[in-house]
Amino acid sequence: MFSIAYLGRGGQGIVFAATITAEALYEKGYYVAQLQNYGASVRGGSVLGYVVADNKPIKNPFVEVFDVMIALHEEGLKRWKCLVEKSKKIIVDEKLVKSEVSGAIKVPLSSIAEEEGVYQALNLVAVRLAFKVLGITGIDEVMDKLLKNRKNYDLNKKAYMIGKEIVIFRDFGTE
Amino acid sequence: MFSIAYLGRGGQGIVFAATITAEALYEKGYYVAQLQNYGASVRGGSVLGYVVADNKPIKNPFVEVFDVMIALHEEGLKRWKCLVEKSKKIIVDEKLVKSEVSGAIKVPLSSIAEEEGVYQALNLVAVRLAFKVLGITGIDEVMDKLLKNRKNYDLNKKAYMIGKEIVIFRDFGTE
Amino acid sequence: MSGHEHPSLKYMRKEVLPTAFCPGCFNGIVMNALFQAFEELEILDLKKYVFVSGIGCSSWIPSPYIKADSLHTLHGRAIPVATGVKLANPDLEVIVIGGDGDLASIGGNHLLHAARRNMDLVVIMINNLVYGMTRGQAAPTTPKGMITPTTPYGNPEEPMDVARLLASTNANYVAKWCISQYMFLKNSFKKVLGEIKRGFRFIEVYAPCTTFVIRRENKTPGQKLKELMNTCIGLEKLEKMPREERTKYIPTGVFKENDKPGFIDNYRQYVSISKR
Amino acid sequence: MSGHEHPSLKYMRKEVLPTAFCPGCFNGIVMNALFQAFEELEILDLKKYVFVSGIGCSSWIPSPYIKADSLHTLHGRAIPVATGVKLANPDLEVIVIGGDGDLASIGGNHLLHAARRNMDLVVIMINNLVYGMTRGQAAPTTPKGMITPTTPYGNPEEPMDVARLLASTNANYVAKWCISQYMFLKNSFKKVLGEIKRGFRFIEVYAPCTTFVIRRENKTPGQKLKELMNTCIGLEKLEKMPREERTKYIPTGVFKENDKPGFIDNYRQYVSISKR
Amino acid sequence: MSKVFTVEVNGLLCKGCGICSEICPRGALVMDGVNSETGYPNPKIVGECVGCKLCMWFCPDQAIVVIKKG
Amino acid sequence: MSKVFTVEVNGLLCKGCGICSEICPRGALVMDGVNSETGYPNPKIVGECVGCKLCMWFCPDQAIVVIKKG
Amino acid sequence: MCMKRMLISGNEAVAYGAIDAGCRFYAGYPITPSSEIMHMMAKLLPEHGGVFIQAEDELAAINMLIGASWAGLKAMTATSGPGFSLMQEGIGYAVMTETPLVVVDVMRAGPATGQATKAAQGDLMQARWGRHGDQYLVVLAPESPQEAYDLIIEAFNISESLRTPVVFLSDEFIGHGREVVFRKDPEEIQLVERRRPSDHEPLFGSDDPRIPPPMPRLGDGYYVLVTGSTHNEYGYRDVHSFETHYRLVKRLKEKIWGNIDKIFKYEVVGDPEGAEKAVVCFGSTCRSAKEAIEGMDDVVLIRLITLWPLNYDLLRKLLSNVSLILVPELSLGQLIYDVQQVVDSDVKVIGVNKVGGGVPIYPSEIKEALKG
Amino acid sequence: MCMKRMLISGNEAVAYGAIDAGCRFYAGYPITPSSEIMHMMAKLLPEHGGVFIQAEDELAAINMLIGASWAGLKAMTATSGPGFSLMQEGIGYAVMTETPLVVVDVMRAGPATGQATKAAQGDLMQARWGRHGDQYLVVLAPESPQEAYDLIIEAFNISESLRTPVVFLSDEFIGHGREVVFRKDPEEIQLVERRRPSDHEPLFGSDDPRIPPPMPRLGDGYYVLVTGSTHNEYGYRDVHSFETHYRLVKRLKEKIWGNIDKIFKYEVVGDPEGAEKAVVCFGSTCRSAKEAIEGMDDVVLIRLITLWPLNYDLLRKLLSNVSLILVPELSLGQLIYDVQQVVDSDVKVIGVNKVGGGVPIYPSEIKEALKG
Ligand SMILES: Cc1ncc(C[n+]2csc(CCOP(=O)(O)OP(=O)(O)O)c2C)c(N)n1
Ligand SMILES: Cc1ncc(C[n+]2csc(CCOP(=O)(O)OP(=O)(O)O)c2C)c(N)n1
Ligand code: SF4
Ligand code: SF4
Ligand code: SF4
Ligand code: SF4
């Protein structure tokens, strides 16, 4: 069993990140459970989206200790501090996350995304990064299919592939 | 403590009989409780109206054994057979009550009322009879006042006074 | 007596008669008009008709008096229940009968939205000006100034003109008749049962409550009937009168009439799109 | 920036801004018009104004954004709550703000009866054509044929014309404006806040939901605004057009206007009778 | 009394409301006594019935029918 | 650029909806970059403002004001 | 002391009691067997400077009360089963927004329309639990017209002092039964008024959950934010955080349960120490029960006047010595769940259940059942 | 066997399950977090020859179901707290008239509007008792999207076989949580259909109360009399007699409670004989609880799938050996009342209560609490 959580803010596509992660893993044959937490307002507010996957049916989707959490915004991080602190690995956006979390790996995700002109698809950068960190291989093809069925394929695809290239300063294994 | 119940059918003014009985006893200084049971329909159906009176506050208005019950119609009698059977005294209208009740005293109340032209105020005939049977004295003046405050005084008064004259074949004491 | 039977009785559950209505209650006259309409349309059995009513004196008309399927529902909810029936089986003709309180007060929202949808129902609203069943309280149709148990100093509220309101919706047919206009009423029933067979068809019957309106006016139901024969007047005639005169009369007639597709037609088309 | 402030902000709780509305949501424009009306009437503090709303995006306007007493009530129940406030303290001016779903669907009955009573309330209905807060389902105002999550094959129902319906009630004032008709809207607010100060005053604002209507049409809110400037048209102008033409336009204007005694006046008279 | 038409009253259904007798354009019906089964007065034909059937349609209790004699 | 009027934008309130720039009869406003605080683009004045205040009234977020210079 | 003696129904007694408690707003919709409360309020309120309105339905009625209460008036409505069901959402809103008001439910035989003119006691559980979510309010039940008068005053006092809706469970017997009722002199009546805020006190929070926050009137200049959504102590909506929600609902629960000593009213007839058997009851049924146990030394009767919150500990204590408990109810049995909860499985708990037709539970039936 | 594997939310699973159960009528009103059920039914029903309508409010929705059910279709609606409160009167009518239908309540944090997007389990008592009068129905609760699919089919089967409304308590976690769900092949699914009448069988009565009377379709020629007022076995209203009412409500109660063996579903994890501690739970919360007790030999977990009628005897038996019981709930505690009722006062019953913010009860919290 492994688990990955995305944290952020309304408008960043956090739920979509979790959705597409779940779908990709599902297509790969995993049992998956995807949950999310967001406010009632249409924009702003913290958002959490996560996925648990396993080779056998998921017993309990209520995860306390995630294998990886990726925080794309301060709001999400603050709200779920309790989970973040327990997380096995925590990756935060260097710019958009302000508070210090011990053990967190800072990555300039949003800066890279902005540079590359895929700021609006930052979520997909995170998705690819998540797969990388979790050591999930052979998933790009599936993702490509899933992205093709959605709007903004080119942008999304570009962002997604950027995630593959992100260099992080700790070794999470290789693909 | 004493209790009197009127039984009849919708349209006969059974509730009114109980109401005015209660009011008269109330005016005489008694503690009283008046309860009734009737259907939802605007006419027809069985009706029960009764009054409990005492010199001290009424503890329990749910009477099982009445001192007197007066049944003006078969419908009311049938419906409340269980109570009728336990009643200390039961007076039934000779014509309008058909079933036989052991110990019941048959009185041609409705026939007399019809003869005297007060058929519509049969209920008040019964009220006066009740007072008589219960041995309640000095109540006519109070009743007169109460009836004066209502419509159809002449008719009602006439009917009421007829009740005083009704002869019954068992002795319930004298006024 | 040689056993001649009132023509209405063949549509009624005889075993429960006489009805529980007060002596002289106009509800029974509405039944006669409705049954005569059926008879004249040669509809002699009501197996394929479903009557739905709420709670109130008038809601007792179908339940149990009309020999047909009937749903005696909650106060104010006849129209949604009828809608459910009609949608589930459009082959049934669904007729709602109810009081002004039931249909226009607590049930007002459903009335409005069924009319908006032009839902395929016939709705007969008996406006007796009060809440009869609960003993004569004011209804939204009670005239201003009328004394009732809830308006002991004379109703301060403006009454609503239900037919006029519905005339400004998508409903196919809206008419209002006084109980005294028996023939018009019967013909109106014939119209919505035999001719305009779709969409929302609403007929208001102005029929003051014998016990809690007419008696309070110290009149007999017969007197009231005769009075209404003079005060109920056609819309067109009314409009020709000077304004000041008009308030003395009760405007009646057909407020709206057409035969546009009802909800069922529209829904069928909708479903056909889904299957493409 | 030298700290110039938008004139609306003095009426708002600044500490909770920006609002939770979507970027480009027209709700904010309605606020501007309302606040400008207050300002032009020289009403600078809203202490004696009570805002009541139900549940929905538009119901969040007063709660928490308007700096005044506000009651954010249940879905559909703003009008009865507002009625309670007004009756309990007629010195307060009570303003209801809500969506078409809130006021005309689930709350339709209260709307109808408040209008019948000519209840002394100002009601602002923001008609965004859908249920915004619950993510764009059809409302009773959704045009026929529109695709929404609950009408995936194109809405089969006829929409309702709320303003037209209310025009046939006892309401004192009924108007409808498009969000593009900002000045008319503002003046309408001035009218019901400064001039006609009693009875039921209803203003519908046609303001399609940016997220669930305009975006689905692949338009920007600015484009939609400009489009509405052409399609929203005065009642009188419309009536001069040939029938076939009319359906292309959204009729706006004042449907009804007078200054008859409202419920409060009538009730005061009622009470005076009770004391005789 | 009419030669052609008369009425028949169902005493068990009639509630004695008097509508029939008041509505009859010929004044042919009067309310009569008290029906001992129901306690209500019932209408009785006393004048000429012209067969207009008003009483029949306006009887709220389906208690009166107009019939052709013979 | 106008000599008399200009606009001031509150970057914290602006959600970058673009209404102001689209509604401006003079085309004086363009949407510009991304506000790093909010992630939304903000309008910037580039043409002549005639002081009609349309942008101000139609801004749903009370984020833009028209002011007289000097 | 100058009591006014009157021969009135329990419904009328409720109306007089409400007036004497300072109730100045009534909105309602007619329904048997509660309508006489409405009729009487229609008559009395205009004379007393209050406001009466007949609502278009029960949804409107309960929500009008909420508005009137926030505008500063003590408010009441009365209804029966079907109307009570329709009011549930509104009552829940009143709980959430801490709006004082009193809802009288004159119980009749259900479910659905059932028997409109027949007494019952089947709305007990609904009075407690009829609304969604975690919500707690106060439920009171009188046994007679006299107590209806006295207790409705208490209902207003509790409602005002705790800023909570109070449900008042009467029944058709009480409502339509006419008895001699003594109406109190105004001076005799102790009235509690809701506390008005001072300065910047939060209007939706307090450090001690047992102390309800103060309540201003609309128009007093507080810029009040009332919302049925989760809100912080200043009324700002927060539909996202766990802390705000949990703090709010815990406080609302604690406000009721933490004040149980003040709210919980009951009557004991007999000696709980010496008794072997017990009768636990509420409402009009207790009057038959009391007659039934007259002269029985081994029976104790416990009449619950407050039905919610329920002092389970006290009930447990009072019942700790008995081996047989009778629970007479005009329903198929609801109070019996409470009794079963406080006693161990070796105690015999028997329901005496009867409902419909307007037939009361008679003393003889209770006597019979007490034989075990 | 040919199951279809899908990645769907619990809400979607409910819709697919309903379709597979033969549901052909849906009326509803949007509300978070239940709306996706409605959206999916809007899509599926027209394709499957069924009818979908968006009602003007929840009062209309539940009543439309009643009409459609009598016209012969299996009917469902879905809602959440506020809408569920509004539906109570209609549900009570369905109980009284024995109208089969299924009401899904996807629970969110209340009271009132509360937190619309946050899971909760606070409508349990309302599901049982939300209506006036003596009324009993069936309440089921799944723990996961997969069970939501399977159990909704069961809900329809119970509803049809017992002619009763069934309340289906889901929650936001289940409703919005997406998981792998296996959809059954039509042939695999055992469907129960309501029994149609033969001859002159009464439609509202039966000698054996456990056997529900048969139900015709409107238009079948039975001249059916359906009423929510008290009625005899032929549907004739009788709002006056004790016997008719008592017989009816007793039968309606017995119809549910007398079939408890068929209705009552539960799951036991661990060994009730050997355990010293127990966890009693329902719905999504059980999944954390199950993880928490993994490997604990001294703990037994009892998951209630049927929440009403509740098999108290069985629960008592299952809990007879333990000395500590944990009741985790996403509410301030409702199921805990049932547990308290079946155990004696010397057993320690502890609630693990949490609600708001969309925060689940975590396994660690249950582990911690199990330490006592
Ligand atoms: C929810 C609900 N509220 C109130 C009632 C009580 N009630 C029964 S009938 C009725 C009104 C009857 O008036 P109307 O619908 O006009 O019919 P009428 O009796 O006048 O024919 C009322 C208020 C009820 N049964 N249910
Ligand atoms: C009783 C009830 N039913 C449903 C809901 C869910 N709900 C919240 S807002 C809303 C509709 C919003 O639409 P509208 O009133 O038009 O306002 P908008 O959001 O479009 O401004 C609904 C159905 C609710 N809160 N309460
Ligand atoms: S109360 Fe009125 S409406 Fe009801 S039966 Fe009597 S006369 Fe008819
Ligand atoms: S959903 Fe629509 S109405 Fe709601 S805030 Fe967004 S744009 Fe405005
Ligand atoms: S109208 Fe009918 S019920 Fe009335 S008196 Fe004549 S026959 Fe009898
Ligand atoms: S209209 Fe307002 S919110 Fe929109 S872009 Fe312009 S300044 Fe920003």
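All of these numbers come straight from a predicted model, not from anything done at the bench. The chains referred to below are lettered A, B, ... by the order of the sequence lines, with proteins before strands, and numbering in each begins at 1.
Within residues 34-41 of chain D, no residue has any heavy atom under 4.5 Å from a heavy atom of chain G. Residues from residues 266-274 of chain D that place a non-hydrogen atom less than 4.5 Å from a non-hydrogen atom of chain G comprise D/Y267, D/Y270, D/V271, D/S274, given in numerical order. Of all residues spanning residues 77-84 of chain G, none has a heavy atom less than 4.5 Å away from chain D's heavy atoms. The stretch residues 74-91 of chain D places D/L74, D/R77, D/P80, D/V81, D/T83, D/G84, D/V85, D/L87, D/A88, D/N89 near chain G, each with some heavy atom under 4.5 Å from a heavy atom of that chain.
Within a 6.0 Å radius of CZ in G/R195, other residues, nucleotides and ligands contribute more than 12 heavy atoms. Taking a 6.0 Å sphere around CD of D/E42, one finds it holds 12 or fewer heavy atoms contributed by other residues, nucleotides or ligands. More than 12 heavy atoms of other residues, nucleotides or ligands shown are found within 6.0 angstrom of NZ on D/K256.
Residue D/R13 comes nearest to G/V224 through the heavy atom pair NH2-O, 4.1 Å, listed as atom of the first residue, atom of the second, then distance. For the pair G/Y223 and D/K47, the tightest heavy-atom approach, listed with the atom from each and the gap, is OH-NZ, 3.7 Å. Heavy-atom minimum distance, D/R117 versus G/M64: NH1-CE, 4.0 Å. Between D/K275 and G/P46, the closest heavy-atom pair is CE-O, 3.4 Å.
Remark: D/L92 CG to G/R217 CZ distance equals 10.0 Å, nearest 0.5 Å. Between the CG atom of G/D220 and the CG atom of D/D69 there is a distance of 8.0 Å, given to the nearest 0.5 Å. Summarising the geometry, atom CG belonging to G/L225 is positioned 11.0 Å from atom OH belonging to D/Y65; distances are rounded to the nearest 0.5 Å.
Contact count versus chain G (heavy atoms, under 4.5 Å) is highest, among D/T73, D/V52, D/N109, D/L112, for D/T73. Interface remark: of the candidates G/K43, G/E56, G/H231, G/E56 forms the most heavy-atom pairs closer than 4.5 Å to chain D. Interface check for chain D: of the options G/L73, G/I66, G/L218, G/T97, the most heavy-atom pairs under 4.5 Å are formed by G/L218. Among the candidates D/S70, D/S53, D/S63, D/P64, the residue making the largest number of heavy-atom pairs closer than 4.5 Å to chain G is D/S70. Across G/G49, G/A68, G/S229, the residue that shares the most heavy-atom pairs under 4.5 angstrom with chain D is G/A68. No other option in G/G67, G/G221, G/P216, G/S69 has as many heavy-atom pairs under 4.5 Å with chain D as G/G67.
Using a 4.5 Å heavy-atom threshold, the side chains of D/M119 and G/I53 count as touching. Under the 4.5 Å side-chain criterion, counting only non-hydrogen atoms from C-beta, G/D57 is not in contact with D/H113. Side-chain contact between G/T227 and D/L71 is absent, with no heavy atoms from C-beta onward closer than 4.5 Å.
For G/L45, no part sits under 4.5 Å from any heavy atom of chain D, backbone or side chain. In this structure, chain G has no heavy atom under 4.5 Å from any part of D/Y49. Proximity to chain G is absent for every atom of D/E93, based on heavy atoms less than 4.5 angstrom apart. Contacts between G/A60 and chain D at a heavy-atom distance below 4.5 Å involve backbone atoms as well as side-chain atoms. Using a 4.5 Å cut-off between heavy atoms, D/V94 makes no contact with chain G at all.
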